[in-house]
Amino acid sequence: MPTDNVDSQMDEKYWGEDSFFGGDAPLPKWGGYLIVVLFGVFFSLVTTSIVKLEEKFVGTKITSEFFNTAGRDIKIGLTASVIVSQWTWAATLLQSSNVAWQYGVSGPFWYASGATIQVLLFGILAIEVKRRAPTCHTVCELVLARWGHAAHKTFIFFSFLTSIIVTSMLLLGGSATMKALAGCDVNLTSFLIPWGVILYTASGGLKATFLASYIHTAIIFVILLIMVYSIYIKNYSTDIIYDYLDQTVDHSYEECQIIFSDNYRCSGRDENGGTGCGCYDGETISIENCYDGDKIAGTHYDDDIGSRTRRPRTYACGYVVNNRRGSYLTMLSGPGLMFGIINIIGNFGTVFVDQSYWQSAIAAKPAAAHKGYMLGGMVWFTIPFALATACGLAATALQLPIDSFEAGSGLVPPAVATHIYGDKGALMITIMLFMAIVSTGSAESIAVSSIAAYDIYRTYFNPEATGKDIMRISRYVIVLFGGCMGVLAVILNQIGLNLGWVYLFMGICIGSAVIPLWNLMTWDQASGTGAIIAAWSGMILAIITWLVAATIQSGAISVATLGTNEAMLAGNVVAIGSSGMIHWIHSKMFPQNYDWESMKAIPLLDQDKSGLSDEDLDPVKLDEAKNWIARVGWSFTILIVVIWPILSTPAGVFTKDYFAFWVAIAILWGIAGSFIIIFLPLIESGENILLVIDGLFGTSMSSITAPAEVEFKTVEADKQADDVEGKNDDEV
């Protein structure tokens, strides 16, 4: 067994380690718990204070409509910021670097492009909501108005399931990272994280969620720029990372076993430029010391399956199976492309079936909805693309001892940050991750509470519910949902499912609801009965296909065999494909020929018509907006999913110059996105900010006048007035 290339770029402090986070945590345990608890309290105070200041000095009125729709007047910048924040899951920061660690440059690209197009295309649905149902509160209300109660109950189930899956991934990624960085107990952390979300979401509703999302997004982008700058400019360079990745790929399987073994050591360079690397037996360092007969002694680099074409590589070392020349630096990657397809299908479900995205569309001003989604999608692209291109590739290039389970749990960015900055890096990534968790978590909490209040409580239990009733139920559900999700995260941790597994699985469960919901808003012939059949049949067929594929591939069903790319791909494709075909066939056989009138008749609970003026709902402007988002959304989708990969194909394995160009695109996109997402919301809200300053300090900086107190009547107040009027009539 020739093993003459065991010179590794691994830092000597990691020699002999079997995992990166196997030793002492970089942060104290009390510090981890303090972050989890205090950040929730901090954002509760900040966001609630801002909402109260708006109420006092800007004239905002807190009603049930405002609590669940943020007044329907959110502008482009804040809409984009909210979309970026909602779509920046723990998986965005963690799983994207895992696929870079596994597949190389193709992983971050397919993560970013495969999860951007859904937001871009959802902009079409966002403007359709404004055109067809300007007074709605939830996506399930739209289903009820068009397709009736049976379909309504079906899509309540899929909406809840989507929020549960998304929140599960947040807690799995968050608890694993807090354990790695601070030694926190994963079960206790799973319970504590939701409470940071519950506090300000229950207090301030959707507007507080949006304001917190802006702060979260700004912090995430600042830390992203620090990480990318540190890896490619300050500490290393594109040329250094390129050379290290080349060296990593050159290692044979046996050499990787030696590098990741108990007694691996290097004695430094000799006079000929070589290194004395091998294993230390207490006296000498040599390659011969690494062998115990025909086996590598004390290796951590295992080959459990024994197949050279499909082995679970415990560490990122050696060639990448089914990549061009085994390189990390190529878009010609079989597993990368396979992940991209799974990613595209799965993320259609977590956007189109997630009430939080419909809620953001409902909350946006009609003139801002489509542009906010477009801008948000384009800015969000840079988070997984730039961050994972930096952290994921650096982890592999530096041969950090990150094992496959740590990578699958999302610990690649924490490992890289800790390696570069020590305790400060661990703290930085912890804050960044917590921003992503609480931001998306708050959006999911308000989404679930809205469906529970409007679609379950008001529809099936109390049709005469008042605004106060809706706000009370919403707050109860926010608290209940947060507590239940903590329990679910504990169960998933006990089963042994990690972030990467759940991420690939989500499309199998919810992908079948995607095309029926698209047809709901875009096709007048779409059948309600067909939508029900398509959603349930698609999910059942997907699960069957997934189980059969795992059995055929591996001969057994287990968490590991069900988690392979091939099995997950089969289930995901069947989920969305079979559902779409079933709904199309049924709708062609039994078309509804819908006139869209019942959607427009969805009633407001409070007579709060902010964001619903004639100017806002001008049909000509809405038609122009629809045409614009359809043209731009589809064009950008084709660009990043088809044209960009095709143009990268002739490059084969990247040269140093091509890789430098690739990284430059990521860095420049990150800088531009950071400036837009941080400063545009402030510029658009400048007058309101000045109004608050004027009110607090008695200045006259704003060019507009604070609105006078206006009479505001709720449905409940109208009823009381009618009762009084009736009594007066009786007395007369």
Side-chain angles (χ1 to χ4, degrees), residues 18-19 21-22 89-91 94-95 98-99 101-103 107 161-162 164-177 179-180 185-187 189-190 300-307 309-316 321 335 338-339 341-343 345-346 349-350 402-412 485-511 539-575:
D18 61 352
S19 68
F21 291 105
W89 303 349
L94 305 178
Q95 174 68 3
N98 174 32
V99 292
W101 179 87
Q102 288 181 286
Y103 314 131
L161 183 59
T162 302
I164 288 170
I165 291 173
V166 171
T167 310
S168 297
M169 286 191 286
L170 298 176
L171 297 180
L172 285 173
S175 60
T177 303
K179 178 183 179 182
D185 181 79
V186 290
N187 296 329
T189 306
S190 296
H300 315 302
Y301 191 96
D302 297 325
D303 184 2
D304 295 329
I305 293 179
S307 167
T309 60
R310 198 180 290 130
R311 68 169 183 264
R313 299 185 308 131
T314 307
Y315 302 91
V321 178
M338 191 179 300
F339 167 77
I341 296 171
I342 297 171
N343 194 42
I345 296 172
T350 49
I402 303 169
D403 66 39
S404 53
F405 189 81
E406 286 179 320
S409 298
L411 300 181
V412 174
M485 288 314 303
V487 175
L488 178 61
V490 171
I491 294 172
L492 294 177
N493 275 315
Q494 294 303 313
I495 294 173
L497 303 183
N498 62 22
L499 175 66
W501 197 99
V502 178
Y503 185 84
L504 296 176
F505 173 67
M506 61 188 180
I508 295 173
C509 290
I510 59 179
M539 183 173 71
I540 293 169
L541 290 172
I543 293 174
I544 292 172
T545 302
W546 175 52
L547 295 173
V548 170
T551 303
I552 292 173
Q553 182 188 28
S554 307
I557 292 179
S558 67
V559 171
T561 60
L562 290 172
T564 64
N565 275 355
E566 292 83 358
M568 291 290 192
L569 175 63
N572 274 270
V573 170
V574 169

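None of the values given here were measured: they were computed from a predicted structure.
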Peer 1: According to side-chain hydrogen bond (donor to acceptor under 3.5 Å, both in side chains), who are the partners of Thr561, at least two apart in sequence or on a separate chain?
Peer 2: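 If we apply the side-chain hydrogen bond (donor to acceptor under 3.5 Å, both in side chains) test to Thr561, skipping adjacent residues, the hits are Ser558.
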Peer 1: Mind listing the closest non-hydrogen atom pair of Glu566 and Met338 along with its distance?
Peer 2: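 Closest heavy-atom pair between Glu566 and Met338: N-SD, 3.9 Å.
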Peer 1: What's the separation between atom CE in Met568 and atom CD1 in Ile341, rounded to the nearest 0.5 Å?
Peer 2: 15.5 Å
Peer 1: For Ala575 versus Ala542, what's the shortest heavy-atom pair and its separation?
Peer 2: CB-CB, 3.5 Å
Peer 1: With sequence neighbours excluded, tell me which residues meet side-chain hydrogen bond (donor to acceptor under 3.5 Å, both in side chains) with Thr189.
Peer 2: none
Peer 1: Heavy atoms, side chains only, cut-off 4.5 Å: are Phe339 and Leu504 in contact?
Peer 2: yes
Peer 1: Holding to side chain to side chain contact (heavy atoms under 4.5 Å, CB included), I want the full list of residues that pass it with Leu547, two or more places apart in sequence or in another chain.
Peer 2: Ile543, Ile557, Leu562
Peer 1: Rounded to the nearest 0.5 Å, what separation is found between the CG atom of Asn98 and the CG atom of Leu94?
Peer 2: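 Asn98 atom CG to Leu94 atom CG measures 9.0 Å (nearest 0.5 Å).
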Peer 1: With sequence neighbours excluded, tell me which residues meet side-chain hydrogen bond (donor to acceptor under 3.5 Å, both in side chains) with Asn572.
Peer 2: none
Peer 1: First locate atom CG of Leu569, then atom CH2 of Trp546, and finally report the distance between them rounded to the nearest 0.5 Å.
Peer 2: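 Taking CG in Leu569 and CH2 in Trp546, the distance rounds to 14.0 Å.
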Peer 1: So, using side chain to side chain contact (heavy atoms under 4.5 Å, CB included) as the criterion, who are the partners of Val490 when residues are at least two apart?
Peer 2: Asn187, Ser190, Phe191, Gln494
Peer 1: What distance separates Met506 CE from Asn343 CG, expressed to the nearest 0.5 Å?
Peer 2: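 Rounded to the nearest 0.5 Å, the CE-CG separation comes to 6.5 Å.
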Peer 1: Do His300 and Asp403 have side chains that approach each other closer than 4.5 Å (heavy atoms only, starting at C-beta)?
Peer 2: no
Peer 1: Please identify each residue that fulfils side-chain hydrogen bond (donor to acceptor under 3.5 Å, both in side chains) with Asn565, with sequence neighbours left out.
Peer 2: Tyr103
Peer 1: Going through the distances and angles, do Tyr315 and Ile402 end up as a side chain to side chain contact (heavy atoms under 4.5 Å, CB included)?
Peer 2: CA-CA 6 Å; Tyr315 302 91; Ile402 303 169; 5.8 Å; no
Peer 1: Mind listing the closest non-hydrogen atom pair of Leu411 and Phe21 along with its distance?
Peer 2: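 That closest heavy-atom pairing would be O-CE1, 3.7 Å.
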Peer 1: List the atom of Leu161, the atom of Cys509, and the distance in Å for their closest heavy-atom pair.
Peer 2: CD2-CB, 3.9 Å
